[in-house]
Colleague: 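Next up is a structure, given as C-alpha cells.
The shown structure was predicted, so the numbers you read here are calculated from the model rather than taken from an experiment. Computation of the quantities below employed the complete heavy-atom set of this structure, encompassing side-chain atoms and omitting hydrogens, waters and symmetry-equivalent molecules.
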Amino acid sequence: MTDRIFQLTGTCNNYPWGKKGQQSLAAQLCKKTDKNFQIKDDEFYSEMWFGDYPDFPARVLKTGEPLKNVLDKNKEKLLGKKVIEQLDCQLPFLPKILSIAKALPLQIHPNKDLAAKLHAKDPDNFTDPNHKPEIAVALSKFEVFAGWKPLPEISPLFTNLTFLHPFVPPNTTTWTDATLRSVTRALLEADDNTIKSLHSQLLSAPPHLFHEIPNAGPIQALLPRLQDQYGPVDPGSLVALLCMNFMTLSPGDALYIPADGIHAYLSGDIVECMARSNNVLNAGFCPRAERNSIDLFAETLTFKAHSKGDMVLESEMSRRTPGMRVKWVAEKELEVFMAVV
C-alpha cells in the first residue's frame, strides 16, 4: 500500500539567471530534504522542481523512488479518475521554487493547440504537447515584467520619442493590438547597431518625457541594470521597458500568466505552479542563438493581459475550507490547478 501523503525531495537545476550558492532559496530547500545535496558557493541554483516531469524529477524522500514510478503504480489512488481519463494519466501540474538573480528570457508559452503542433514537428525542442499557464506566488520581493501595458501608455512613448517613430507602421493614427504586434516584431528584428543606438537615446532623453507618461518612469532606471545583465544589444530590454508592465510584488502576492502571455521574471524568490509542460518560445534576455523564430514568436503573441490588474491575483475566502484564503483563476481558464496561500 502507498500512503496518499508522502514527502518528496526535489531536483535543482543550474540556469545562469539563478542565485549563487547559499543565496539561493531553491538550493537551501533542496538541501533540507536531500542530505546528500551539496551547495557550492560558485554554482548557480535557479529552480527546484517537484513534479513528475522527466527533466528534473521529484523523488520520494523515504525510498528515493521517482515520483512518476509511484504514480504509475498507484494511478487510481493517487491521480484519480478525471486525471486518468482526461489528463493523460499524468500529474497535471508542475510546482517549482525559483531563486532569481537576473532576468529570465523574455518568453511566451504556446497555447495547447500550438504546443501540440510544435511537439509533433519538433519534439526535441518542444518536449510535450501541453500548454503552460502559470501562477507565481512571491516568497520575497519579486520584480517581474508581465503582460502588456494599456495601449494609451505605450503609444505616447512612440509619439513623443522621435527615434522610435520608424518602428510604428506608416499612417498609424490609432493604436490597436495589431499595431503593438507589428511594433514588437520590429523591435525584435532590429540589428545590433540599431538596438545599441536606441538604448543610448533612451538613456539620454530628457527625463520629463518619461515622467509625463503613466508607468514610464522606471525606463531610464531599469535600462542600465538590464544592460549589465545582457549587454547593450539585447532587444528584450526594449520590448519589456516600452511595452510591458513592470511590477514589484511583496511576499504573499500572486501573479497569473496565461498560457500565451508574454513575461520575464526579473528578481526574487517565488513558488511557481504551472500546467505540466516545459515548452517555451524565447525572444530576448538570452544569447541570439537561444532565441526562437521572431516570426513564430510575434504571431503567437496574444493580448488578453493589458494592464497590471489583468495579471495580479486577489485572494478570497475559500468556498471549500472555512478560514482559508486562496488565490484563484476561473476554472475554465486554468483547467488544472489553483494556488492556496
Colleague: How are the rings of Trp49 and Phe56 set relative to one another: parallel (under 30°), tilted (30 to 60°) or perpendicular (over 60°)?
Modeller: perpendicular
Colleague: Does Leu67 offer a backbone N or O that forms a donor-acceptor pair with the side chain of Arg59 under 3.5 Å?
Modeller: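 Absent.
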Colleague: Could you tell me if the side chain of Val137 sits less than 4.5 Å from the side chain of Leu249, heavy atoms only?
Modeller: no
Colleague: Applying salt bridge (Lys or Arg N to Asp or Glu O under 4.0 Å) to Glu143 and Arg225, what does each step give before you reach the verdict?
Modeller: CA-CA 13 Å; Glu143 296 176 301; Arg225 180 175 164 191; 2.5 Å; yes
Colleague: Quiz question: by atom type and distance under 3.5 Å, do the side chains of Thr127 and Asn278 form a donor-acceptor pair?
Modeller: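 Checked: Thr127/Asn278 side chains show no N/O donor-acceptor pair below 3.5 Å.
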Colleague: Answer yes or no: is there a donor N or O on one side and an acceptor on the other, between the side chain of Thr172 and the main chain of Val168, under 3.5 Å?
Modeller: no
Colleague: Say whether, by atom type as modelled, one donor and one acceptor occur between the side chain of Lys31 and the main chain of Lys35 under 3.5 angstrom.
Modeller: yes
Colleague: May I ask you to check whether over 12 heavy atoms, not counting those of Gln23, lie within 6.0 Å of atom CD?
Modeller: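 No, CD of Gln23 has 12 or fewer neighbouring heavy atoms, counting only those of other groups under 6.0 Å.
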Colleague: Does a side-chain N-to-carboxylate-O contact under 4.0 Å join Asp234 and Arg288?
Modeller: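 Salt bridge flag = no for Arg288 with Asp234.
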Colleague: Taking the side chain as everything from C-beta on, heavy atoms only, tell me whether Tyr230 gets closer than 4.5 Å to Ser237.
Modeller: no
Colleague: Test side chain to side chain contact (heavy atoms under 4.5 Å, CB included) on Asp260 and His109; report intermediate values, then the result.
Modeller: CA-CA 5 Å; Asp260 38 20; His109 304 297; over 6 Å; no
Colleague: Is the closest side-chain donor-acceptor distance between Asp191 and Thr194 under 3.5 Å?
Modeller: yes
Colleague: Is there a donor-acceptor contact under 3.5 Å from the side chain of Asn74 to the main chain of Lys77?
Modeller: no
Colleague: Do Pro150 and Asn245 have side chains that get closer than 4.5 Å, going by heavy atoms?
Modeller: yes
Colleague: Side chains of His199 and Gln201: donor-acceptor distance under 3.5 Å anywhere?
Modeller: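 No donor-acceptor contact under 3.5 Å links the two side chains.
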Colleague: Rounded to the nearest 0.5 Å, how far apart are CG of Asp34 and CE of Met48?
Modeller: 10.0 Å
Colleague: Which value, rounded to the nearest 0.5 Å, describes the distance between Met244 atom CE and Leu180 atom CG?
Modeller: 10.5 Å
Colleague: So if you build clusters from Ile, Leu, Val, Met, Phe, Trp, Tyr with side-chain heavy-atom gaps below 4.5 Å, do Leu187 and Leu222 land together?
Modeller: yes
Colleague: Checking Asp128 against Ser277: is there a side-chain donor and acceptor pair closer than 3.5 Å?
Modeller: yes
Colleague: Looking at Cys30, is its backbone amide N or carbonyl O close enough to the side chain of Thr33 to form a donor-acceptor pair, meaning the two atoms are under 3.5 Å apart?
Modeller: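 Judged by distance alone, yes, a pair lies under 3.5 Å.
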Colleague: Do the side chain of Lys32 and the main chain of Ala27 share a donor and acceptor less than 3.5 angstrom apart?
Modeller: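 Judged by distance alone, no pair lies under 3.5 Å.
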Colleague: Look at atom NZ of Lys102 and say whether more than 12 heavy atoms of other residues, nucleotides or ligands are closer to it than 6.0 Å.
Modeller: yes
Colleague: Would you say Ile39 ends up clustered with Leu29 if hydrophobic residues are merged whenever their side chains have heavy atoms under 4.5 Å apart, either directly or through other cluster members?
Modeller: no
Colleague: Below 4.0 angstrom, N of the basic side chain to O of the carboxylate: do Glu153 and Lys308 qualify?
Modeller: no
Colleague: OH of Tyr15 to SG of Cys286: how many Å apart, nearest 0.5 Å?
Modeller: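 Answer for the OH-SG pair, Tyr15 versus Cys286, is 13.0 Å.
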Colleague: Output the distance between atom CD1 (Ile97) and atom CD (Gln28), rounded to the nearest 0.5 Å.
Modeller: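 Taking CD1 in Ile97 and CD in Gln28, the distance rounds to 11.5 Å.
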Colleague: Below 4.5 Å, heavy atoms only, C-beta onward: do Phe163 and Leu202 meet side chain to side chain?
Modeller: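 Contact flag for Phe163/Leu202 side chains = yes.
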Colleague: Kindly work out whether a path of hydrophobic side-chain contacts (I/L/V/M/F/W/Y, heavy atoms less than 4.5 Å apart) joins Val280 to Ile100.
Modeller: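 Shared cluster, no.
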Colleague: Considering non-hydrogen atoms only, spot the tightest contact between Ala283 and Pro235 and give its length.
Modeller: O-CG, 4.0 Å
Colleague: For the residue pair Trp17 and Phe285, is the inter-centroid distance of their aromatic rings smaller than 6.0 Å?
Modeller: no
Colleague: Where the side chain of Asn14 meets the backbone of Ser46, is there a donor-acceptor pair that is under 3.5 Å apart?
Modeller: no
Colleague: Could you give the distance from CG (Leu313) to CG (Asp253), rounded to the nearest 0.5 Å?
Modeller: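 If I round to the nearest 0.5 Å, the distance is 10.0 Å.
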Colleague: Can you find a pair of side-chain heavy atoms, one from Leu161 and one from Phe210, that are under 4.5 Å apart?
Modeller: yes
Colleague: If you look at every heavy atom in Ala101 and Gly18, which pair is closest and at what distance?
Modeller: CB-O, 3.6 Å
Colleague: Looking at Gln229 and Ala103, would you say the former's side chain and the latter's main chain have a donor-acceptor pair under 3.5 Å?
Modeller: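 Yes, because the side chain of Gln229 sits within donor-acceptor range (under 3.5 Å) of the backbone of Ala103.
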Colleague: In the structure I gave you, are the side-chain heavy atoms of Leu226 and Phe145 within less than 4.5 Å of one another anywhere?
Modeller: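 Leu226 vs Phe145: side chains touch.
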Colleague: What verdict does the side chain to side chain contact (heavy atoms under 4.5 Å, CB included) test give for Met274 and Ile135, after you've listed the backbone C-alpha separation in whole Å, the side-chain angles of each residue and the deciding distance to 0.1 Å?
Modeller: CA-CA 6 Å; Met274 63 201 66; Ile135 289 178; over 6 Å; no
Colleague: Using a strict 4.0 Å threshold on nitrogen-to-oxygen distance, state whether Arg276 and Asp52 make a salt bridge.
Modeller: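 A salt bridge links Arg276 with Asp52.
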Colleague: Would Lys68 and Asp72 pass as an ion pair if we require N to O under 4.0 Å?
Modeller: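 Yes, Lys68 and Asp72 are salt-bridged.
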Colleague: Does Ile257 belong to the same Ile/Leu/Val/Met/Phe/Trp/Tyr cluster as Phe246, with side-chain heavy atoms less than 4.5 Å apart forming each link?
Modeller: yes
Colleague: So, taking the atom named CG in Leu104 and the one named CG in Leu266, what distance separates them when rounded to the nearest 0.5 Å?
Modeller: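 It comes to 9.5 Å.
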Colleague: Of the non-hydrogen atoms in Ile294 and Leu188, which two are nearest, and what is the gap between them?
Modeller: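 Looking at all heavy atoms of both residues, the closest pair is CD1-O, 3.2 Å.
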Colleague: In this structure, is the centre-to-centre distance between the rings of Phe37 and Tyr45 below 6.0 Å?
Modeller: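 Ring centres of Phe37 and Tyr45 closer than 6.0 Å.
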Colleague: Between Leu157 and Leu242, which heavy-atom pair has the shortest distance, and what is it?
Modeller: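 Where Leu157 meets Leu242 most closely, the heavy atoms are CD1-O, 3.6 Å.
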Colleague: For the backbone of Asn292 and the side chain of Asn282, can you confirm whether one donor and one acceptor N or O come within less than 3.5 Å of each other?
Modeller: no
Colleague: For the ring pair Tyr265 and Phe142, is the centre-to-centre distance below 6.0 Å?
Modeller: yes
Colleague: Does any non-hydrogen side-chain atom of Thr11 lie less than 4.5 Å from one of Asp55?
Modeller: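 No, side chains not in contact.
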Colleague: Quick one: closest heavy-atom pair of Ala146 and Met311, and the distance?
Modeller: CB-CE, 3.7 Å
Colleague: Closest heavy-atom contact between Ala115 and Pro110?
Modeller: N-CB, 4.0 Å
Colleague: Under a 4.0 Å threshold between the charged nitrogen and the carboxylate oxygen, would Asp269 count as salt-bridged to Lys141?
Modeller: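 Not counted as a salt bridge, because no side-chain N and carboxylate O are separated by less than 4.0 Å.
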Colleague: We want to know whether Asp177 and His306 form a side-chain donor-acceptor pair, criterion being a heavy-atom distance below 3.5 angstrom.
Modeller: yes
Colleague: Among the clusters formed by ILVMFWY side chains lying less than 4.5 Å apart, do Leu151 and Leu301 turn up in the same one?
Modeller: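 Linked, Leu151 and Leu301 end up in one cluster.
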Colleague: Within a strict 4.5 Å, meaning less than it, do heavy atoms of the Ser182 and Pro169 side chains meet?
Modeller: yes
Colleague: Picking from Ile270, Leu139, Leu25, what satisfies side chain to side chain contact (heavy atoms under 4.5 Å, CB included) with Leu98?
Modeller: Ile270
Colleague: So that I can tick it off, tell me whether Lys73 and Glu65 are bridged by a salt bridge, with the cut-off set at under 4.0 angstrom between side-chain N and carboxylate O.
Modeller: yes
Colleague: Treating Gln220 as the side-chain partner and Ala205 as the backbone partner, does any N or O pair qualify as donor plus acceptor under 3.5 Å?
Modeller: yes
